[in-house]
2 protein chains.
Amino acid sequence: MPSRIDREARKAELAEAAWRVILRSGVSAVSVRTVAEEAGLAVGSLRHVFPTRTELLVYSAELMMERAYERITNLPREGSTEDHVLAVVKNLVPFTEQTRAEMDVNIALIAEATAVPELKVLRDSAHAQIAAACIWLAAALRGEDPDAPSEAATRSGRRLHALTDGLALHLMHRAESEDLERAAEILEDEIRGIAAGRN
Amino acid sequence: MPSRIDREARKAELAEAAWRVILRSGVSAVSVRTVAEEAGLAVGSLRHVFPTRTELLVYSAELMMERAYERITNLPREGSTEDHVLAVVKNLVPFTEQTRAEMDVNIALIAEATAVPELKVLRDSAHAQIAAACIWLAAALRGEDPDAPSEAATRSGRRLHALTDGLALHLMHRAESEDLERAAEILEDEIRGIAAGRN
DNA sequence: ATCAATCTAGCACAGTCGTGCTAATTTAGG
DNA sequence: CCTAAATTAGCACGACTGTGCTAGATTGAT
């Protein structure tokens with residue numbers, strides 16, 4: 001047999017190629033052919049790993065969410081709770097090239113979910129996960145037991161979540177340095193507000 | 001010549017057919033053929049009005065934004081400022097089937113902007129318009145001259161905008177009646193907060 | 001009745017798409 | 001060395017795409 005390939009590495013390679021295609025030409029340009037070429041592989045090789053376009057798309061989405069999840073859970077836990085929450089939330093908003101691309105790919109995949117229903121369950125579980133995290137963080141900010149959030153903490157969490165996603169969307173349009181500063185300011189205010197029990 | 005057709009009406013008819021296709025099968029399913037069939041017309045007829053797919057897509061987006069703009073500016077101006085602001089903002093969030101479909105089409109077109117750059121300018125101008133409106137509304141809530149918003153009003157407006165868009169995004173995933181209530185509650189709180197000068 | 005503008009209809013081309021399928025190539029294990 | 005499995009390569013099919021183009025049908029104005 002030929003040199004056995006690291007299947008996971010190969011899948012990641014292809015998913016990353018798919019991301020690049022999405023960023024450059026939109027999700028409609030993602031096909032087994034374009035992605036294979038972007039990855040520098042033959043179509044047959046791609047199809048050996050992802051037999052259908054749907055599988056390629058689904059895995060590309062999965063890996064993106066997984067990477068984001070790891071990046072956030074591995075955030076250093078030093079400093080005040082407020083600092084930590086801010087760090088987490090900032091990772092959900094396109095403040096860097098990295099998260100910006102992520103967000104872009106994310107929107108494309110969400111939009112594609114109408115055509116590829118398999119993507120819906122991913123989208124929904126990611127959403128639920130972030131929603132829960134926001135509530136958890138809000139409870140922590142208020143000094144509650146995060147695993148038994150009060151009604152008020154739940155409300156704060158949901159609000160934080162909405163604010164975060166809204167800012168994320170906005171920074172996709174305009175992300176000059178002033179926009180970034182303003183977004184950060186709004187988030188800081190909100191987090192301080194929650195900690196002070198104002199929201 | 002044949003019965004001269006109302007060009008604007010025909011264009012609207014086709015744009016609405018395009019919306020239906022987007023809602024049913026996603027924007028990638030929009031082609032001159034699928035939309036013509038959806039509208040019950042021959043491809044030639046469609047192409048007589050929209051020679052290219054891009055023009056069809058752009059007009060579909062334009063009409064959607066125009067409709068939303070008219071719906072909102074025609075909102076009855078009775079009641080308190082707070083009530084009016086709430087009514088406006090509720091029209092930017094998928095609280096009804098109508099606005100929900102609008103939002104869905106909107107996301108699809110935003111995602112397609114990578115592939116069809118002509119859509120970007122539309123997206124950006126709509127965004128800027130809503131941003132300005134939110135600031136205007138925030139100033140009004142605070143009892144300022146809306147056409148000369150203070151720094152504080154500007155900040156409130158931006159925050160309201162982010163919150164609105166975030167909630168809009170969330171209600172695209174889940175929109176049970178409880179979700180709608182919660183979203184409405186958050187918006188009401190925010191608007192009260194701005195009027196009270198808290199935010 | 002004729003002319004001409006408008007609209008409808010559809011053919012044709014070159015390209016891409018997803019996917020089923022076969023064949024060649026490569027190399028680890030015996 | 002040789003077999004068998006893993007991987008790469010790519011052909012083929014039918015379906016779809018956007019768009020250029022030509023005709024025919026329709027009917028208002030003259």
Side-chain angles (χ1 to χ4, degrees), chain A residues 1-18 20-22 24-61 108-109 111-119, chain B residues 1-18 20-22 24-61 108-109 111-119:
Chain A
M1 16 189 154
S3 62
R4 294 209 40 158
I5 230 164
D6 181 339
R7 234 184 152 77
E8 286 310 308
R10 171 56 60 87
K11 284 168 86 175
E13 221 177 290
L14 287 165
E16 285 165 18
R20 288 194 297 275
V21 171
I22 291 177
R24 192 189 327 120
S25 319
V27 69
S28 59
V30 170
S31 73
V32 290
R33 289 170 174 84
T34 55
V35 173
E37 188 184 18
E38 173 71 34
L41 293 175
V43 177
S45 303
L46 182 149
R47 295 195 53 218
H48 188 65
V49 179
F50 297 121
T52 68
R53 175 186 126 107
T54 297
E55 288 172 72
L56 167 61
L57 239 27
V58 166
Y59 187 81
S60 300
L109 290 170
E112 191 73 0
T114 309
V116 182
E118 289 89 338
L119 290 170
Chain B
M1 18 185 152
S3 62
R4 294 209 42 159
I5 230 163
D6 180 340
R7 234 185 151 79
E8 285 311 307
R10 170 58 59 86
K11 283 168 87 175
E13 220 177 289
L14 287 165
E16 285 165 17
R20 289 196 298 274
V21 172
I22 291 177
R24 192 191 324 124
S25 319
V27 68
S28 59
V30 170
S31 73
V32 290
R33 288 170 173 84
T34 56
V35 173
E37 188 184 17
E38 173 72 33
L41 293 175
V43 177
S45 302
L46 183 149
R47 296 196 53 220
H48 188 65
V49 179
F50 295 122
T52 68
R53 175 187 126 108
T54 296
E55 288 172 73
L56 167 61
L57 238 27
V58 167
Y59 186 82
S60 301
L109 291 170
E112 190 73 0
T114 309
V116 182
E118 288 90 336
L119 290 171

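Each chain gets a letter, A, B and so on, in the order the sequences are listed, and its residues count up from 1.
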Length of the line joining [X]:[atom1] and [N]:[atom2], which is rounded to integer Å:
X: B:Arg10; N: C:dC7; atom1: CZ; atom2: P; result: 9 Å
X: A:Arg7; N: D:dA6; atom1: CZ; atom2: C1'; result: 9 Å
X: B:Phe50; N: C:dT8; atom1: CZ; atom2: P; result: 13 Å
X: B:Leu14; N: C:dC7; atom1: CG; atom2: C1'; result: 13 Å
X: B:Lys11; N: C:dC7; atom1: NZ; atom2: C1'; result: 16 Å
X: A:Asp6; N: D:dA6; atom1: CG; atom2: P; result: 15 Å

For this session: For atom CD of A:Glu37, decide whether the heavy atoms of other residues, nucleotides or ligands shown that lie under 6.0 angstrom number more than 12.
Result: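 No, because the 6.0 Å sphere around CD of A:Glu37 holds 12 heavy atoms or fewer from other groups.
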For this session: Sugar-phosphate atoms are those with a prime plus P, OP1 and OP2; base atoms are the rest. Using that split, label each nucleotide of nucleotides 12-22 of chain C B, S or - for protein heavy atoms under 4.0 Å, 5' to 3'.
Result: B----BBBBB-
Qualifying residues under side chain to side chain donor-acceptor pair (under 3.5 Å), relative to [X], sequence neighbours excluded:
X: A:Ser45; value: none
X: A:Glu38; value: A:Arg20, A:Arg24
X: A:Glu55; value: A:Thr52
X: B:Arg53; value: B:Glu112

Exercise. Phosphate oxygens OP1/OP2 of C:dC7: is one of them under 4.0 Å from a side-chain N or O of B:His48?
Worked result: yes
Exercise. Quick one: ring-ring contact (aromatic ring centres under 6.0 Å, His included) pairs with a partner in residues 24-55 of chain B, sequence neighbours left out?
Worked result: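 Qualifying pairs: B:Phe50-B:Tyr59.
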